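First up is the structure itself, then whatever we jot down about it.
Values in this document were obtained by computation on a predicted structure and should not be read as measured data. Here, residue 1 is the first one in the sequence, and each next residue gets the next number. Values below: all heavy atoms of this structure, side chains included; hydrogens, waters and symmetry mates excluded.
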Amino acid sequence: MALGEALGCSLCGGVVVALVGPLGAGKTQLAKGIAVGNGIDDVRDVTSPTFTLVNEYEGRLKLYHLDAYRLSGSRELDALGFEEFARSDSAVVVEWADRVESTMPPDTLWVDLAYTDLSSRHIEARATGLTAKACLDAWQTAAR
């Protein structure tokens with residue numbers, strides 16, 4: 001949660017955060033932390049969008065939280081208005097982003113989560129564009 005909060009404080013407008021990892025790896029927990037760090041007052045207000053597909057939160061930046069698990073592919077993500085969500089005055093978090101990788105913009109912050117044991121995770125992050133790189137750099141500084 002604290003790592004997500006540090007990322008939420010570091011979000012740059014226009015950034016897409018692509019979360020990847022197996023079921024139960026902590027994608028939704030990280031997304032909750034991101035929302036809290038972005039200014040959402042109560043973490044209980046942040047829920048997994050598995051069935052609703054998109055949740056929207058008002059914070060420092062407008063935050064769109066998407067779940068691609070139930071999508072059949074990139075076309076369905078496009079139909080949700082994904083391109084419109086990724087504007088400069090908002091940030092987007094996409095769980096199961098590897099399922100719609102071809103739709104992710106060239107400027108994306110990829111966060112891969114993996115189990116190391118029951119209570120620990122290994123997290124790797126990489127930026128594929130300038131905005132995502134600025135966000136990653138700020139996150140690394142905030143997380144120290």
Taking every non-hydrogen atom, the tightest pair across Pro22 and Leu113: CD-O, 3.5 Å
Taking atom types as modelled, find out whether Asp117 and Tyr115 have a side-chain donor-acceptor pair closer than 3.5 angstrom. no
Value rounded to 0.5 Å, distance of NZ in Lys32 from CE in Met1: 6.5 Å
Taking the side chain from Arg60 and the backbone from Gly8, do they hold a donor-acceptor pair closer than 3.5 Å? yes
When every non-hydrogen atom of Ala143 is compared with those of Leu3, the smallest separation belongs to CB-CD1, 3.9 Å
Test side chain to side chain contact (heavy atoms under 4.5 Å, CB included) on Leu30 and Val17 and set out the steps. CA-CA 11 Å; Leu30 189 63; Val17 179; over 6 Å; no
Are the side chain of Asp107 and the backbone N or O of Ala132 linked by a donor-acceptor pair below 3.5 Å? yes
If we ignore hydrogens and angles and just use 3.5 Å, is the side chain of Lys27 paired with the main-chain N or O of Val20 as donor and acceptor? no
Please report the closest heavy-atom contact between Thr131 and Gly13, naming both atoms and the distance. CG2-O, 3.7 Å
For Val16 versus Val94, what's the shortest heavy-atom pair and its separation? CG1-CG2, 4.3 Å
Describe, in one word, how the ring planes of Tyr69 and Trp96 are oriented to each other, choosing from parallel (under 30°), tilted (30 to 60°) and perpendicular (over 60°). tilted
In sequence, state the C-alpha distance, the side-chain angles, and the governing distance for Glu76 and Phe82, and then conclude on side chain to side chain contact (heavy atoms under 4.5 Å, CB included). CA-CA 9 Å; Glu76 284 190 23; Phe82 177 73; over 6 Å; no
Where do Tyr64 and Val54 land on the side chain to side chain contact (heavy atoms under 4.5 Å, CB included) test, with the steps shown first? CA-CA 7 Å; Tyr64 295 97; Val54 180; 4.3 Å; yes
Closest non-hydrogen atoms of Ala18 and Met104, given as atom of the first, atom of the second and distance, are CB-SD, 4.1 Å
Point-to-point distance, once rounded to the nearest 0.5 Å, from OG1 of Thr108 to CD of Glu101: 9.5 Å
Without hydrogens or angle criteria, can the side chains of Glu95 and His65 be said to hold a donor-acceptor pair below 3.5 Å? yes
Under 3.5 Å donor-acceptor, Ser90 side chain and Phe85 backbone: yes
Does Arg126 use its side chain to pair, donor to acceptor, with the backbone of Val111 at less than 3.5 Å? no
Rounded at 0.5 Å granularity, tell me how far CG in Asn55 sits from CG in Leu63. 9.5 Å
Can you measure from CG (Leu19) to OG1 (Thr28) and round to the nearest 0.5 angstrom? 8.5 Å
Enclosure of Glu56 CD (heavy-atom neighbours >12, cutoff 6.0 Å): yes
Within-4.5 Å side-chain heavy-atom neighbours: Asp112 and Ile123: no
Please check: side-chain N/O of Ser10 versus main-chain N/O of Cys135, any donor-acceptor pairing under 3.5 Å? no
Check for a donor-acceptor pair, side chain of Trp139 on one end and backbone N or O of Leu11 on the other, with a separation under 3.5 Å. no
List the atom of Leu61, the atom of Cys12, and the distance in Å for their closest heavy-atom pair. CD1-C, 3.8 Å
